[in-house]
2 protein chains.
Amino acid sequence: MTDDPRWLSPRELQAWMRLEAVAELLPAALDQQLQRDADLSHYEYLVLAKLSEAPDRTLRMSGLAASTNATLPRLSHVAARLEARGYLTRVRSADDRRATLATLTEDGWRKVVATAPSHVTEVRRLVVDRLTAEQVDQLDAIALAVLGALDPDNRLEAQNPVAGA
Amino acid sequence: MTDDPRWLSPRELQAWMRLEAVAELLPAALDQQLQRDADLSHYEYLVLAKLSEAPDRTLRMSGLAASTNATLPRLSHVAARLEARGYLTRVRSADDRRATLATLTEDGWRKVVATAPSHVTEVRRLVVDRLTAEQVDQLDAIALAVLGALDPDNRLEAQNPVAGA
DNA sequence: ACCGGTTGGTTGACGCTTCAACCCCATCGA
DNA sequence: TCGATGGGGTTGAAGCGTCAACCAACCGGT
């Protein structure tokens, strides 16, 4: 723990500090826009968005948690609030009665539809439109490489087969 | 707000979702390692690290807040805890008596020295060592571009003139 | 010298995430 | 059939960040 590691080179250090800054500032910026325009946190929006893309607009809590990179307790709390606001409903699965199925309500669907455009616009403004097409591809490759360490079980892809095996 | 934006292309969407995942998972991973090995949050470590690099190991609260990408209230709370743990001290500036100067104590210095190696190792494991040299440069350019939108006043660079004007 | 406006910083209340404990149900072995 | 094990999910308490209110001190004008 106290032995000398390989220190970062100046280029590595600079890239790292900038990534650190982005990782700190980006979530806050997304939260702010969504809070202001839709009274939703970024994570709440993510939950609604994932449900909106699912078959029957329904997902198991555990699957929803995995696909949104969250712990189950966190999702449970958020789902409780969203349910209280009428955006989703939770029912026990008939199939496996330990499981809980979350379903987007009609109101929830309308909320997503109403919110998505401004969110996409913000994502473009903050990230996508500031990068060249090559940089978008580079970013994809870099993020994938980093996710290899951050998400060893690939829980994200497992739910969302982008280029399926 | 409800008008159709330019939607993301498949490539853009994938890169975005992966960046989103990294921004969500990376801070948590760093927190975990530091918490386990040093009983420090990532942000607390950042504060101590910045102080350790400053002249006289001393910085104004406002400057420290800017260079760590945090709000002043947040820093104030964190500094109070770090002071209680004996890692830094706060005194009113003689020069401008509204200002507060935070100084790293000897204990704080030792804490940083003891913690830095394992932190760097973790940064390498999660990010730097998973990228090629080209990708590190690409990441630097991409992060810089994004920071242009996230940090319009360039508060970060202002404190830390990398290639100073 | 004084008074309004502004900057620097702290404090307290609130909201969200985390962690641990807990309950319910499915599964497996006897 | 019964008991043990473990997975799925929720709940409550604790900790940290945010926001708004507040105090203190500098600065400009008069």
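A, B, ... follow the sequence lines: proteins, then strands. Residue 1 opens every chain. This one's a predicted model, so the numbers in the text were calculated from it and none came from an experiment. Computation of the quantities below employed the complete heavy-atom set of this structure, encompassing side-chain atoms and omitting hydrogens, waters and symmetry-equivalent molecules.
- Between dG8(D) and T100(A), no contact under 4.0 Å exists linking OP1 or OP2 to a side-chain N or O.
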**Message:** Treating primed atoms plus P, OP1 and OP2 as sugar-phosphate and everything else as base, which nucleotides of nucleotides 22-29 of chain D get B, S or - for protein heavy atoms under 4.0 Å?
**Reply:** --SBS---

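- With sequence neighbours excluded, the residues satisfying side-chain contact (heavy atoms from CB on, under 4.5 Å) with Q35(A) are D39(A), S41(A).
- Near-neighbour residues of DNA chain D inside residues 41-48 of chain A, defined by a heavy atom below 4.0 Å, are absent.
- Remark: P of dG9(C) and CZ of R74(B) are 17 Å apart, rounded to the nearest angstrom.
- Between the side chain of T68(B) and the backbone N or O of L46(B) there is no donor-acceptor pair closer than 3.5 Å.
- Judged as a side-chain hydrogen bond (donor to acceptor under 3.5 Å, both in side chains), and not counting sequence neighbours, the contacts of D129(B) are R6(A), R124(B).
- In terms of the side-chain hydrogen bond (donor to acceptor under 3.5 Å, both in side chains) criterion, H119(B) has no residue partners (sequence neighbours excluded).
- Nucleotide dA20(D) holds its C1' atom 14 Å from the CG atom of L72(B), rounded to whole Å.
- Nearest-nucleotide assignment on DNA chain D puts the 5′-proximal partner with R60(A), out of R60(A) and Q32(A).
- If you take CG of L75(A) and P of dG9(D), they are 9 Å apart, rounded to a whole angstrom.
- DNA chain C is contacted by S76(B), H77(B), R90(B) of residues 76-91 of chain B, taking any non-hydrogen atom closer than 4.0 Å.
- Residues satisfying the side-chain hydrogen bond (donor to acceptor under 3.5 Å, both in side chains) criterion with R92(B), sequence neighbours excluded, are absent altogether.
- If you take CD of Q35(A) and C1' of dG15(C), they are 10 Å apart, rounded to a whole angstrom.
- Residues passing the side-chain contact (heavy atoms from CB on, under 4.5 Å) test with A54(A), sequence neighbours excluded: L59(A).
- We find that R74(A) and E24(B) are joined by a salt bridge, their nearest charged nitrogen and carboxylate oxygen being less than 4.0 Å apart.
- Between E24(A) atom CD and dT18(D) atom P the separation is 8 Å, expressed in whole Å.
- In this structure, Y43(A) has no ring-ring contact (aromatic ring centres under 6.0 Å, His included) partners at least two apart in sequence or on a different chain.
- Here dG9(C) is the nucleotide among dG9(C), dG9(D), dT18(C) with the atom lying nearest to any side-chain atom of A99(B).
- When the P atom of dC16(C) is taken as reference, atom CG of L34(A) falls 14 Å away, rounded to whole Å.
- Here A23(A) pairs with P27(B) under the side-chain contact (heavy atoms from CB on, under 4.5 Å) rule; sequence neighbours left out.
- Counting Ile, Leu, Val, Met, Phe, Trp and Tyr side chains that sit under 4.5 Å apart, directly or through other members, L101(B) shares a hydrophobic cluster with V91(B).
- For S76(A), the side-chain contact (heavy atoms from CB on, under 4.5 Å) partners at least two apart in sequence or on another chain are R90(A).
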